[in-house]
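Predicted, not measured: the structure shown is a model, and the values here were computed from it. Counting convention: from 1, in listed order, for ligands and their atoms alike.
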Amino acid sequence: MLDLVFSYMTLQHFISTDDTRTLFSKAMSTMYQKEVPQYGTLVDLVNDVNTEVLKADKRLHDQLEQGDQLARIGLERHGAIRVGTAYELSTLRRLFAVMGMQAVGYYDLSIANVPVHSTAFRPVKGEALAQNPFRIFTSLLRLELIENVDLRAQAQEILDNREIFTPLCLTLIDQFEQVGGLTPEQATQFVKEALFTFKWHHDATVTEQTYRALRQAHPLIADVVCFRGPHINHLTPRTLDIDAIQQQMPRYGIEPKQTIEGPPRRDCPILLRQTSFMALSEKINFKESASAQGLQAYVAKGVQASEVTQAATEQGTHTARFGEVEQRGIALTQAGRKLYDDLLAQVRLQMQGTPKDDYALTYSKVLSEVFKQFPDDWQALQQQGLGFFYASPNLECLPQKPVPRDSTWHQLIAGGYVCFEPITYEDFLPVSAAGIFQSNLGLENREKNDVAASNQQSFHEALGAKVQNEFEWYAALEENSILQTKRALGVV
Ligand code: OOG
Ligand code: NI
């Protein structure tokens with residue numbers, strides 16, 4: 001109660017949720033660079049490439065400078081975690097709300113036999129995105145996809161008995177919800193406590209035997225179930241030239257995944273391109289099995305200590321953590337997205353049977369060839385309704401040409417009264433995400449599993465809320481800009 005009174009008194013001193021998010025993303029980056037030094041190397045490479053690009057492209061440099069984006073260019077754009085229960089997912093929803101992040105989009109990864117469905121927690125207001133667009137791609141394990149009933153029950157029990165949030169973190173979330181904000185001191189504390197949830201733990205919570213059984217069912221299940229919490233599995237800075245990153249990774253001593261996910265390189269970038277370095281194989285310790293515990297009892301009875309240590313510290317390796325880069329383009333309408341998906345399907349068809357050794361090279365050739373069917377010109381994208389654009393009045397032509405009365409929207413465009421600027425895609429792509437999952441779990445590309453029907457409703461139930469539809473979000477931005485443009489031109 002005292003706490004509450006205190007907070008009401010300091011109502012005017014709340015930190016903005018955007019600032020809390022920035023504190024959090026910076027702290028997360030520092031933690032992850034310490035945990036995974038190769039990620040630090042990737043960040044260096046990203047900064048080197050971005051510097052080169054900006055040196056060579058004065059226009060881009062000035063444009064970013066004007067938009068006040070230059071200093072933030074190499075900052076992380078997203079990260080990803082995987083959780084196991086409805087409680088964990090719904091509490092994360094509340095945790096991310098403290099940082100101004102909401103669930104947008106539903107991604108069904110069972111299309112590629114990855115037993116999760118996902119959303120992204122991200123800022124949704126324009127200014128918030130501009131200030132810090134940090135998002136977390138969050139996946140929920142679909143335990144119902146574990147076929148073995150006993151194993152499923154065992155996984156459920158392990159998950160039900162873990163608590164991934166610290167008590168203070170939960171208290172601060174309550175506090176935020178009750179009074180509508182946190183003081184800067186509370187936010188600092190919140191970030192420290194929240195970070196604990198995303199931290200890596202070398203010690204698995206299960207025996208080697210359980211780990212192996214779950215991993216056998218699917219490597220992702222072992223990753224979600226066998227640890228204290230949903231360790232952050234990658235962070236992703238923005239690059240201005242993803243092809244250069246892919247090419248230069250080996251020179252920096254890091255191994256890239258085989259291909260860049262998403263569309264090919266284009267004059268007018270669309271959606272999202274991503275690549276990553278291969279996940280590391282890391283040492284972990286398993287919980288002692290009953291037999292190892294038994295051996296420990298022998299120690300007391302004078303058995304050689306060396307024999308016991310060998311049995312008691314059962315070690316293994318786990319592969320989950322990596323680093324990624326992303327480069328974003330224009331958000332596509334449903335029609336644009338359908339064309340994109342159709343072209344990707346054509347690529348997949350043409351790639352069938354390609355030998356492993358030729359895969360990467362052939363893939364990039366086929367991808368560029370097939371995507372010639374996707375218009376690569378801003379005006380065509382706008383006119384054909386394939387992309388989302390911000391409209392604004394063309395202030396240059398107005399003084400010479402007054403707007404004819406009763407003009408329709410199309411007449412305004414044809415008359416040159418309207419400017420269009422692409423709206424950036426802020427979300428994810430299920431096929432790309434599946435590719436990222438697969439290369440980092442050491443999986444072959446697997447075909448769709450028919451049993452695993454998409455289940456958005458059960459995801460909403462677990463989340464305790466509905467995700468925002470990303471297409472509606474972009475459409476609203478576009479519509480709003482059209483309305484304002486009409487108003488400015490006096491033709492509402
Ligand atoms: C998430 C993979 C998806 C992306 O950028 O598409 C993702 C994961 O591996 O948990 O992060
Ligand atoms: Ni990612």
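Checked options Phe190, Phe198, Phe121; the residue passing with Phe24 is Phe198 (criterion: ring pair (Phe, Tyr, Trp, His ring centres under 6.0 Å)). Test Ile242, Asp241, Ile260 against Arg265 for side-chain contact (heavy atoms from CB on, under 4.5 Å) and you get one pass: Asp241. Between Arg321 and the choices His231, Glu282, Gln38, the side chain to side chain donor-acceptor pair (under 3.5 Å) rule is met once, by Glu282.
Tyr87 does not carry Arg94 over the face of its six-membered ring by the limits of under 6.0 Å from the centre and within 45° of the normal. Both cation-pi conditions hold for Arg122 and Trp473: the charged atom is under 6.0 angstrom from the six-membered ring centre and inside a 45 degree cone around its axis.
Protein heavy atom nearest atom 10 (O) of ligand 1, with residue, atom name and distance: Arg82 NE, 2.8 Å. Nearest protein heavy-atom contact of atom 6 (O) of ligand 1 is Gln274 NE2, 3.0 Å.
Contacts of His78 with ligand 1, taken as heavy-atom pairs under 4.0 Å, involve the side chain alone. Heavy atoms of Ala80 found under 4.0 angstrom from ligand 1 belong exclusively to the side chain. The part of Asn233 lying near ligand 1 is the side chain, judged by heavy-atom distances below 4.0 Å.
Nearest N/O/S atom of His234 relative to the Ni ion (ligand 2): this is NE2. When the Ni ion (ligand 2) is compared with the N/O/S atoms of His78, atom NE2 turns out nearest.
Near Phe437, meaning under 4.0 Å from one of its heavy atoms, ligand 1 places the atoms 1 (C), 2 (C), 8 (C), 9 (O), 10 (O). Close contacts of ligand 1 with Glu324, meaning ligand atoms under 4.0 Å from a residue heavy atom, involve 4 (C), 5 (O). The Phe428 neighbourhood of ligand 1 comprises atoms 4 (C), 5 (O), 6 (O), with distances under 4.0 Å to a heavy atom of that residue.
A donor-acceptor pair under 3.5 Å is absent between the side-chain atoms of His201 and the main chain of Asp203, judged by distance alone. Put simply, the side chain of Thr210 never gets that close to the backbone of Val206: no donor and acceptor are under 3.5 Å apart.
More than 12 heavy-atom neighbours from other residues, nucleotides or ligands sit within 6.0 angstrom of CD on Gln373.
At a cut-off of 2.8 Å, Glu324 is counted among the residues with an N, O or S atom near the Ni ion (ligand 2).
At a 3.5 angstrom cut-off on N or O pairs, His234 counts as close to ligand 1.
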